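Report on the structure given below.
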There are 2 protein chains.
Amino acid sequence: MGKAEDTKARLERAALTLFVARGVAETTTKEIAMAASVAEGTIYRYFPSKEQLALDLFLRHHQGLAEALTEAQRPAKGLRAKIEAIVRCYCEWADRDWTLFAYHLLNQHSFLIQVPDGMANPVTVVRDVISQAMKAGEIPKRNVDLAAASAIGVVMQAATYKVYGRFTGDLSDHVRFFADAAWAVLSVKEK
Amino acid sequence: MGKAEDTKARLERAALTLFVARGVAETTTKEIAMAASVAEGTIYRYFPSKEQLALDLFLRHHQGLAEALTEAQRPAKGLRAKIEAIVRCYCEWADRDWTLFAYHLLNQHSFLIQVPDGMANPVTVVRDVISQAMKAGEIPKRNVDLAAASAIGVVMQAATYKVYGRFTGDLSDHVRFFADAAWAVLSVKEK
DNA sequence: ATTTTATAAGTGAGTAATCACTCAATTTCA
DNA sequence: TGAAATTGAGTGATTACTCACTTATAAAAT
C-alpha cells in the first residue's frame with residue numbers, strides 16, 4: 001500500500017470508529033485527525049468535507065453489501081434457499097467488519113435519501129426476491145414492502161441489539177434461526 | 001390550558017417536528033423558537049438545555065409506552081394473546097402520535113443509555129413476557145434476547161419503513177399480520 | 001554518485017461562521 | 001402594581017475548513 005493510500009485508510013478507519021462511538025455530528029475533524037495521527041488539514045487532501053467522508057463510508061458499504069447479497073442469492077433455488085443465502089451473507093458481512101456494519105446500521109436515516117438512483121441497494125435485493133416468490137405462489141401474496149420489512153426486521157433488530165450490547169457473539173451463529181424465522185414470517189397465512 | 005403550559009407544549013411540538021425532520025444535532029435553538037413563535041430565550045424558561053428538552057421528549061414517550069404495554073398484556077392469557085395485545089397497543093401508540101413515535105424510533109441510539117435504572121422500559125416488558133412463555137413451555141427455549149429482538153423486529157422494521165415512506169397507512173391495519181408473524185418467529189423449532 | 005528540480009504529502013495556526021445560552025429590558029395580565 | 005412571561009441583542013466557545021509553508025520522495029540532469 002502506498003503512503004497516501006495508507007493515510008486515507010487510516011483516516012477512514014479513525015472516522016468510522018469515532019462516528020460509531022459518538023455520532024457523526026458529535027465527532028470533530030480535530031478528533032478524526034488525532035485518531036489517525038495526522039494534522040487536521042490532511043483530512044482535506046483526501047476528502048472535500050467531513051460530510052462527504054461520512055457519505056463515502058456509508059455508500060461504499062451500502063453498495064458492497066447489495067452486490068454481495070445479489071450474488072449470494074442468485075445460485076440458490078427457491079425462496080427458502082435464497083433466504084438462507086441472503087441471511088448468511090448479511091451476517092458474514094456484519095461479523096467481518098462490525099464497526100463498518102454498525103455505522104451503516106445506525107446511520108441509515110441520514111444517508112438513505114442520498115443514495116444515487118440506480119445504485120445497488122440491499123433493500124431492493126430482498127424485496128425483489130420476495131416479490132418473485134409471491135408471483136410464483138411460494139408464499140401468500142400480500143403487500144411486498146410490509147412483508148419485506150417484517151422479514152428483514154427479524155435479522156436487523158437482532159443486529160441492532162448486538163450494537164446496543166444486549167447480546168454478544170457472532171451473528172453468523174444464528175443464521176439457521178434467522179432464516180427459519182424470516183421464512184415463517186413470509187409464510188404467515190391470511191385467516 | 002394556561003399560557004405558560006401552552007408555550008411549553010408549543011415548544012415541545014416544534015422541537016419534535018424539527019428533530020424528526022432534520023435530526024437533533026442539526027436543529028438549532030433559533031429554529032425551534034421560530035417554529036414555536038417565541039423568542040430563543042423563552043426556550044430556557046422551560047428547559048435547562050436543548051439536550052434536556054430532547055431527552056425529556058424521549059423519556060416521556062419511552063416510559064409512557066412501557067407502562068401502556070405492561071397494562072395491555074396483563075389481562076391477556078397465554079403468549080399468543082399477550083403478543084396480540086402488545087402489538088395492538090404499540091401500533092395504536094404509533095398511529096396516535098406519529099411524529100413522537102418516529103422521534104423515539106429514530107433516536108433510540110442516542111438516548112437509550114440515558115434511561116434511568118428502574119424506569120419502565122418497552123424492551124423489558126416484551127422480554128419478560130417471552131421469558132415467561134419459555135419457562136411455561138409455550139414456545140421452544142432459546143436465547144431470550146435473540147428471540148425478543150427478532151420478534152420485535154417484525155413490527156419495528158415495518159414501522160421504520162413507514163418512517164422512510166416505503167409504505168403508507170396506519171400500522172394498526174396490520175396488527176393481525178404482525179402478531180401472527182411474531183408468534184411464528186417465537187415458535188420456530190430447533191431442527 | 002551527487003546535485004538539482006518537481007511533485008506529492010503533510011502541517012497547524014488562523015478565519016469566518018455558527019450556535020447554545022445569558023441577561024437586562026420590556027410586555028402581559030391578574 | 002408586582003410578579004410572571006417574553007424578548008432579542010450580545011457573548012464566549014466551538015468548529016469546519018483554508019492556506020502559506022515545510023518536509024519527504026523520486027525523477028532528471030550533471
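Side chains included, hydrogens not; waters and symmetry mates left out as well; all remaining heavy atoms used. Since the structure is predicted, the reported quantities are computational estimates derived from the model, not experimental observations. Residue numbers begin at 1 in each chain, while the letters A, B, ... track the order of the sequences.
- B:Ile43 has its CD1 atom 17 Å from the P atom of D:dA5, to the nearest Å.
- For A:Lys50, the side-chain atoms get nearest to D:dC17 when compared with the rest of C:dA9, D:dT7, D:dC17.
- Taking atom CG on A:Asp6 and atom C1' on D:dT25, their separation rounds to 15 Å, with Å as the unit.
- In this entry the distance linking CZ of A:Arg45 with P of D:dA20 reads 13 Å, nearest Å.
- Taking the six-membered ring where tryptophan is involved, the planes of B:His109 and A:Tyr164 are tilted, since the angle between them lies from 30° to 60°.
- Between the CZ atom of B:Phe47 and the P atom of C:dC21 there is a distance of 13 Å, rounded to whole Å.
- Ion pairing between a basic and an acidic side chain is recognised when a charged N comes within 4.0 Å of a carboxylate O; B:Asp128 and B:Lys82 show no such pairing.
- Among C:dC21, D:dC17, C:dT11, the nucleotide with an atom closest to any side-chain atom of B:Tyr44 is C:dC21.
- Atom CD of B:Glu26 and atom P of C:dA20 are 11 Å apart (whole Å).
- Here the side chain of A:Tyr46 is nearest to one of D:dA16, C:dG10, D:dA5, namely C:dG10.
- Look at B:Thr28 and you won't find any side-chain N or O under 4.0 angstrom from OP1 or OP2 of C:dC19.
- Counting to the nearest Å, the C1' atom of C:dC19 and the CD atom of B:Glu51 are 13 Å from each other.
- Note on ring orientation: taking the six-membered ring where Trp is involved, the planes of B:His104 and B:His62 are tilted (angle from 30° to 60°).
- The side chain of B:Glu40 sits closest to C:dC21 out of C:dC21, C:dT11, D:dC17.
- Going from atom CZ of A:Arg10 over to atom C1' of C:dG10 covers 11 Å, rounded to whole Å.
- An OP1 or OP2 oxygen of C:dA20 is reached within less than 4.0 angstrom by no side-chain nitrogen or oxygen of B:Ser49.
- Rounded to whole angstrom, the span from the NZ atom of A:Lys30 across to the P atom of C:dG10 amounts to 19 Å.
- Between A:Trp93 and A:His61, the ring planes are perpendicular. Angles over 60° get that label, and only those under 30° would be called parallel.
- Using a 3.5 Å distance cut-off with no hydrogens or angles, the side chains of A:Gln52 and A:Asp56 do pair a donor with an acceptor.
- The shortest distance between the side-chain N/O atoms of A:Thr29 and the OP1/OP2 oxygens of D:dA16 is below 4.0 Å.
- Comparing C:dT11, D:dT7, D:dC17 by their nearest atom to the side chain of B:Thr42 picks out D:dT7.
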